Every structure is written in structure tokens, then in C-alpha cells.
Student: 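The following block contains the structure, expressed as C-alpha cells.
These numbers come from a predicted model, not from an experiment. For ligands, and for the atoms within them, numbers begin at 1 and follow the listed sequence. Both backbone and side-chain heavy atoms feed into the values below; hydrogens, waters and symmetry mates do not.
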Amino acid sequence: MPHPYVLLSAAVSLDGYLDDTGPDRLLLSSPADFDRVDEVRAGVDAILIGAGTIRADNPRLLVNSPERRAARLAEGRAEYPLKVTVSGSGELDPAARFWHTGGEKVLYTTDKGAERAHALGIAADVVPLGSGLDWRRLLEHLHAERGVRRLMVEGGGTIHTQLLTQGLADELQLVLAPLFVGDAKAPRLFGPGSYQGGRLRLVETRPIGDVVLTRYEPTAPGTGPLPTAADHHWLALACELAAECPPSRTAFSVGAVVVAADGTELARGHSREGADPLAHAEEAALAKADPTDPRLAGATVYSSLEPCARRASRPAPCARLILDAGVRRVVTAWREPDTFVAGADGAGVLEAGGATVVVLSEHEARAKAPNGHLLDG
Ligand SMILES: NC(=O)c1ccc[n+]([C@@H]2O[C@H](COP(=O)([O-])OP(=O)(O)OC[C@H]3O[C@@H](n4cnc5c(N)ncnc54)[C@H](OP(=O)(O)O)[C@@H]3O)[C@@H](O)[C@H]2O)c1
Ligand SMILES: [Zn+2]
């Protein structure tokens, strides 16, 4: 099920704190950065914060610039992004500014929390998600029921930590403020947990007044059947590679990337690479990896099309090459149709060999695009 693109945004002190312990909110950002945040807000469909931040800061979470709001309206969007919050307890102040400013509001909560929120008269669409709060379900719901494609998450630390440790953040926008908090009781940006992002990819650094914005993307593949944000990035790259294949009337155009568990790209390839008219993408990619590289055992192969199970042109199909390389996780965008081989079941071969196969059909249209001339209809 598709998720929105999830962008985490936070300002942090040099010693890693989000706030101090005083009654007022600590101003970490510079005025110029508040304007940048306003611009980011204007570009998203929804903004999410945790109940703890509503209680601590009583924020409005608006787009402050009238020009940016006018531009949203001119594009046929709501004047303000949807405001979203999460609370397990439902213990929220019905008079908080969050509920009474800006556009529509949604509260995701538990069944118990929903009862409490209704009793308190919280002015929002209250969505109970059962006995606990599952972030994947929340993101699916926002995408399917609220049309949210781009979600900005503005903290606090409890929320950021969960989204990163569950591999659900697509991007991290961190503003480093030149001051120290120095109080161990103050809230930290990131808590303990087993983080799934691997070594993050640095996308941008930008000084803004006396603060520095850094933007990162997670790189590490997921570890099981549940896709992470990084899985989507790598599969999107495989689909881009598919579009670079020399055209053919007799074979599919496919792209493949091999990525180690820590997010290091080990190899990439595409169909008919290097003037070999028979080369398959996964085969071309694996041929570039060192077969003795121990990282292959923990690696994921991203292939825009399900790896082949049988082929006439070579002794081993790609599903077998992947298993022989030691790889045990494959992410793909669509299952091979019967165009060239009837009943091909590369996923079945891989699974029989102990590999996990994840199909992310959100990428199917892009994976099929360079193959339109080979498909029915
Ligand atoms: N510098 C910045 O950029 C920035 C940004 C935002 C916040 N902050 C600071 O961060 C502090 C607040 O952070 P925080 O970590 O205490 O609060 P938070 O992350 O905003 O909210 C935590 C609350 O959200 C709910 N929640 C989170 N995960 C949940 C789950 N899986 N299931 C059910 N409920 C869940 C719970 O609400 P219930 O307790 O109601 O169950 C939990 O207490 C404040 O001091 C604020 O100033 C700083
Ligand atoms: Zn193949």
C-alpha cells in the first residue's frame, strides 16, 4: 500500500537537544530559517506533530506567508496543509491552538484515546487505529483517505525516532543551531533504538544566517518483507536504469542495483549493457560485484522486473545467479508477464532458495514504461 513521502524536520542544539526544560519554547532557529520552514510547509499536503509537542509548545503550524497561501489556492490545493497529530492517550487540551487555526485536523489515536478525545470535545477528525498505533497503517490511511502525497513531520523526538527506526522516513531536514542546552533532562532529538537508515546520504548543506541546514536520505535496504523508504529510492533507481536500455523488440528493458545492508551500492546494471544483446540487468550488475565480497550475503537486489526463472540464451537464469551470489532479498516492481516465457516464476525460485521477494507495485508503471511495445493493450 502506498505511503506519502515523509520528510522529517527539526532544529537541534549542538549537543543534540530539541528544547530546554524551561516553560517557554527554546528558539533554536534563525528568522531566515523560520521563513524556509514556512516555504517547506507551503509545499506539503500535511504536517504532523506528536501530542507531546502540542502540550509543550501549543503551536499553530500555519503557512504564514499570504503569498504562499494564495499560490496554494491558485494550484487548487487547500489554503493550509492538513494538520495531523498522534496521541495514544487522547489526553489533549481542546483549547490548544492546533485545533483552532489553519485548515483541517486529524487525530490518529487508539480506540481508548478516541473515547477520551470525544469526551474532551477535540475539534478534529478522530481516527482510532485499534489498541496501538501502527505507523504504516497511519501513513497508508493518510495516503488513501486524505490524498496526502507529501508529509512534513515536525517532531518531537519521540515521533522522529519511531519513523527513523522503522525505516519510514524518506528525508531528514536538520537545522543545527549554534548553542548548547547542557541539561540531560531536556528532550533529545533522537532516542535509543535500532536505526534502519544505515549511513545516510548527504543531499545538501546550506548556511542560513547562523544555523546550518543539512538534508539527508536513508540508504539502507529493509531487512524483511516490509519495505522501507530506502527500498523505494533504490527501486526507483532500477526503474531509471531500465529506461536507459538499448531498445529491443525481443527482450525486456530492465534495470538492477545491488545494495549492501549498510546502504552501500555494490553494483548496477541494465539489459543489453556493453553491447551484449543478451545481457540481463541482474546478470550485468552481479558480474561487476566481487563474488567473494561478504556483503553480498546481506545485500538486496533491486530489479525493475522480477528476475527471470528460465532462459534459453544462458545456462543460468537471473534468479539462480542471485541465489548463487549469496543474496537473500530481492525487491521488484512487477511480476514477469508471459510475453517470452510462459509461467515464469522467478519469485518462486528465489523463495524456494530462501530469499525474500518484495513486490512494490507503486513502481510498476515506471518499470513498464520502456516495455510498452512488448505488452498487450
Ligand atoms: N526543535 C524542534 O525542531 C522541535 C520540534 C518539535 C518538538 N520539539 C520539542 O520536543 C518536545 C516534545 O517532544 P516529545 O518527544 O516529548 O513529544 P512528541 O514526539 O511531540 O509527542 C509524543 C507523544 O505522541 C504520542 N505518540 C507518539 N508515538 C506514539 C505511538 N506510537 N502510539 C501512540 N501515541 C504516540 C504520545 O501521546 P500521548 O502521550 O498523548 O499518548 C506521546 O506522548 C518539546 O519540548 C518540544 O518543544 C522541538
Ligand atoms: Zn534474467
Student: Can you list, by chain and residue number, every protein residue with a non-hydrogen atom closer than 4.0 Å to ligand 1?
Tutor: A10, A11, L18, D19, L28, G50, A51, G52, T53, R55, A56, D57, V86, S87, G88, S89, L133, W135, E154, G155, G156, G157, T158, I159, Q162, P187

Student: Would you say S271's side chain and H280's backbone share a donor-acceptor pair under 3.5 angstrom?
Tutor: no

Student: Quick check on R149: does its CZ atom have over 12 non-hydrogen neighbours (other residues, nucleotides or ligands) under 6.0 Å away?
Tutor: yes

Student: Looking at F98, does the NZ or CZ of K83 lie under 6.0 angstrom from its six-membered ring centre and within 45 degrees of the ring axis?
Tutor: yes

Student: Working to the nearest 0.5 angstrom, can you tell me the gap between E265 CD and Y302 OH?
Tutor: 11.0 Å

Student: Test L82 against every option in L48, D125, L142 by the side-chain contact (heavy atoms from CB on, under 4.5 Å) rule and name the one that passes.
Tutor: L142

Student: Between the side chains of S87 and R116, does any donor sit under 3.5 Å from an acceptor?
Tutor: no

Student: Under 2.8 Å from the Zn ion (ligand 2), which protein N, O or S atoms do you find? Ignore water molecules.
Tutor: H280 ND1, C308 SG, C318 SG

Student: Once ring pair (Phe, Tyr, Trp, His ring centres under 6.0 Å) is applied, do any residues pair with W334, and if so which ones, sequence neighbours excluded?
Tutor: F252

Student: I'd like to check the ring pair (Phe, Tyr, Trp, His ring centres under 6.0 Å) partners of H141; sequence neighbours left out, ordered by chain and number.
Tutor: Y108

Student: Quick check: H363 with H232 (ring centres under 6.0 Å apart)?
Tutor: yes

